[in-house]
There are 4 protein chains.
Amino acid sequence: MAKPTGIEKSDLLTAAKQCLVDKGIEKFTLKAVAEQAGVTQGTIYYHFKTKEQIILEIVQDICENSWNEIMAFDQQMTQSALISAKSRYDNDAFYHKLFFTLIVFGFTNPSIRQQIGQILATENEHLYNGLKKLWDTSPIEGVSLETWSIFFNALIDGLAIQVMMRDDFDVDAFYQQLEKILQTLHHLGK
Amino acid sequence: MAKPTGIEKSDLLTAAKQCLVDKGIEKFTLKAVAEQAGVTQGTIYYHFKTKEQIILEIVQDICENSWNEIMAFDQQMTQSALISAKSRYDNDAFYHKLFFTLIVFGFTNPSIRQQIGQILATENEHLYNGLKKLWDTSPIEGVSLETWSIFFNALIDGLAIQVMMRDDFDVDAFYQQLEKILQTLHHLGK
Amino acid sequence: MAKPTGIEKSDLLTAAKQCLVDKGIEKFTLKAVAEQAGVTQGTIYYHFKTKEQIILEIVQDICENSWNEIMAFDQQMTQSALISAKSRYDNDAFYHKLFFTLIVFGFTNPSIRQQIGQILATENEHLYNGLKKLWDTSPIEGVSLETWSIFFNALIDGLAIQVMMRDDFDVDAFYQQLEKILQTLHHLGK
Amino acid sequence: MAKPTGIEKSDLLTAAKQCLVDKGIEKFTLKAVAEQAGVTQGTIYYHFKTKEQIILEIVQDICENSWNEIMAFDQQMTQSALISAKSRYDNDAFYHKLFFTLIVFGFTNPSIRQQIGQILATENEHLYNGLKKLWDTSPIEGVSLETWSIFFNALIDGLAIQVMMRDDFDVDAFYQQLEKILQTLHHLGK
DNA sequence: CATGAATGAGGCTTCATTCAT
DNA sequence: TATGAATGAAGCCTCATTCAT
């Protein structure tokens with residue numbers, strides 16, 4: 001008993017994220033996390049002070065790490081990649097479920113809420129940088145690029161909801177038309 | 001003991017909604033609902049078979065009733081009313097919190113998920129009807145009005161998230177610029 | 001509301017017996033009895049003061065009524081009818097289950113225990129009367145007919161247990177050999 | 001809080017048996033077991049998955065352990081020891097109450113019923129072995145020793161019922177006459 | 001470092017019982 | 001006479017958390 005397992009905090013966080021998405025908020029128990037990670041409950045308490053702390057660190061982790069991966073598309077930004085990359089169901093249902101779950105946590109937990117706000121701000125910024133590369137100026141006068149970035153970020157999240165909740169949502173058809181909207185906007189700017 | 005209270009199922013549902021928003025998923029307990037409604041836990045079980053049933057009936061209730069009130073703006077639909085009405089924070093943070101909470105419930109509960117999908121479809125339809133009145137044809141060729149309704153519905157939900165999670169979000173400034181986007185789209189269609 | 005249902009105490013007792021056997025002691029609830037009888041729980045409280053009272057009246061009912069039917073075989077008493085009649089599984093698994101259930105109730109309820117004791121005494125007496133008709137004198141000197149009646153009554157109950165609890169119990173084979181035992185005893189007495 | 005108690009599963013089972021006999025099926029609560037064992041309810045759930053599991057393990061325990069003690073008489077088997085040993089009220093009212101209680105549980109729980117059946121089969125076997133030592137051959141032609149063992153086992157259980165339920169049952173007088181029956185059977189075999 | 005045993009508070013649920021109608 | 005709404009106590013069970021080893 002009491003052998004080093006070589007398990008690190010990040011492993012526990014990964015297990016915790018998986019649990020949160022798989023079981024939902026109500027059944028997100030430390031027992032479940034421990035099982036998922038292959039350790040005992042006691043071990044979790046060696047790494048985290050409380051259950052809430054785990055959730056907080058998940059949020060921080062997303063803020064710091066996950067974002068990088070998700071925003072890798074930053075590089076080869078094209079027209080509709082703007083939106084599609086983060087929204088395609090297959091790629092990130094997991095991420096979006098996790099994200100929305102944390103948002104709902106945020107409703108009653110100021111500290112989480114604030115961090116989620118921070119993440120959103122960062123997302124907006126990333127989109128802003130992407131837009132700057134694509135568009136010389138805003139396609140519509142009086143609408144700043146900052147506003148456009150918020151606009152698209154909101155669109156991304158809202159679409160994720162539709163995709164996740166509606167079985168009959170035709171993602172591909174929608175993106176084809178979305179592409180046209182973006183092209184039109186692009187031409188407006190010239 | 002055991003006197004009629006004159007309390008009806010709808011009162012319990014109202015109390016339950018309030019609790020769900022106030023306390024969050026984890027602390028959404030039947031004790032809390034009972035207290036909120038001014039009855040005993042036993043009474044709740046006289047009206048609902050299980051806790052899950054309460055949540056299900058909340059979703060159904062939203063589907064059937066709440067929507068009417070929220071969509072009252074259907075009548076005097078103007079340009080940006082399209083979006084703003086449902087999104088203004090002060091008006092319906094309650095509704096949006098409730099809605100997102102149920103969405104997250106839906107992640108792990110197929111039966112709820114399906115109903116939420118239904119609600120989204122209905123929302124899309126309402127927006128579609130509003131758009132038909134505003135626009136003779138789609139402002140952009142190849143983009144159907146159905147797509148636009150999904151587009152705006154997603155935007156509404158995504159914005160709600162930003163509004164709810166970010167203290168520094170300047171709602172008014174954003175809506176002013178959103179208005180311009182809508183005007184531009186409107187003129188495109190001519 | 002509040003219509004006479006023509007339901008009488010005996011109907012409720014019948015329903016209660018059925019529940020007791022079907023659901024077992026732990027799940028013997030008044031709700032179950034009410035459903036079985038097709039009335040509401042309130043109705044039960046019109047006829048019985050408490051749940052315990054129902055059980056008590058079941059015992060009394062068995063003591064007074066059921067016994068007559070079960071002991072109808074008294075008339076055509078033959079050799080092994082002595083035992084078989086009351087023991088054949090198909091005929092009275094119901095009765096035996098009820099009886100043993102009440103016995104176990106009696107372990108912790110003196111008033112029930114006493115009545116069960118009374119029932120057993122009556123059973124012994126019935127068997128005694130049957131034996132008197134079959135045998136002029138006891139087949140074994142020094143063993144009274146009273147003892148034989150207890151002996152056979154115990155055998156009947158003990159066999160019922162074996163029959164009820166063992167799937168592989170070969171009732172017919174056993175009774176064939178039991179018949180031989182009884183015949184031998186019969187001849188001993190001559 | 002949360003200090004090792006040195007209590008083991010077998011201690012909890014012992015406490016549970018005591019409760020089952022003392023309080024009866026209906027009042028056999030985990031709270032009662034916990035108090036009897038001097039632990040908290042939570043501790044019980046650390047060792048057993050459900051309440052039903054406790055009952056199941058009681059049955060298993062009887063099957064494996066108790067039997068050895070009870071059947072110690074196997075060694076010095078004499079005539080009526082055959083029956084008396086297991087039946088004398090003072091010795092094992094506890095065991096018999098427990099046993100009958102479990103039988104009644106078995107009525108509505110197949111898994112328990114099956115194990116009880118197994119126990120009965122084992123009892124029959126033990127009696128069979130005892131009989132083989134006492135009797136060279138069966139006292140009555142056509143009646144196998146297996147049948148006799150079932151016969152006596154049933155008698156034992158049936159008598160236990162009479163002894164437990166009737167205050168006025170004269171155990172000693174009955175056993176004296178039972179002895180005579182056994183002697184007669186013994187002589188028949190010669 | 002890590003564990004397993006233990007805790008106690010609290011959650012969901014059932015149930016006997018009551019009472020106004 | 002019968003009912004349905006309501007109650008509150010109690011039951012089973014889960015869970016975050018603690019602590020000796």
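Residue numbers start from 1 in every chain, and the chains themselves are labelled A, B, ... in the order their sequence lines are given, proteins ahead of strands.
Rounded to an integer number of Å, the gap from C/Glu35 CD to E/dA16 P is 12 Å. In this structure, B/Phe28 atom CZ and E/dC12 atom C1' are separated by 12 Å, rounded to whole Å. Computed from coordinates, the A/Lys49 NZ to F/dT18 C1' distance equals 13 Å when rounded to whole Å. If you measure from atom CD of D/Glu8 to atom P of E/dA6, you get 9 Å, rounded to the nearest angstrom.
Side-chain proximity of B/Lys51 to the nucleotides F/dT18, E/dG11, E/dT17 is greatest for E/dG11.
Looking at C/Phe94 and C/Gln18, their side chains come closer than 4.5 Å, going by heavy atoms from C-beta outward. At least one side-chain heavy atom of A/Phe99 sits under 4.5 Å from a side-chain heavy atom of A/Ile116.
Remark: of the listed residues A/Asp11, A/Asp22, A/Asp61, A/Asp61 is the sole one forming a salt bridge (Lys or Arg N to Asp or Glu O under 4.0 Å) with A/Lys17.
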The dot-bracket string of DNA chain F, counting Watson-Crick and G-U wobble pairs with both distances under 3.5 Å, using [ ] for crossing pairs and | for pairs to another strand, is .||||||||||||||||||||
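The side chain of A/Tyr46 places no N or O atom within less than 4.0 Å of a non-bridging phosphate oxygen (OP1 or OP2) of E/dA2.
Considering CD of B/Glu57 and NZ of B/Lys9, their distance stands at 4.0 Å, rounded to 0.5 Å.
Residue D/Phe48 is classed as having no contact, given no heavy-atom separation below 4.0 Å to the nucleic acid.
Comparing D/His47 and B/Lys31 by the nucleotide of DNA chain E whose heavy atom lies nearest to each, the residue mapping closer to the 5' end is D/His47. Where D/Gly38 and B/Gln41 each meet DNA chain E at their nearest nucleotide, the meeting point lying more 5' is that of D/Gly38.
No more than 12 heavy atoms of other residues, nucleotides or ligands lie within 6.0 Å of CD in A/Gln114, so this atom counts as exposed by the packing criterion.
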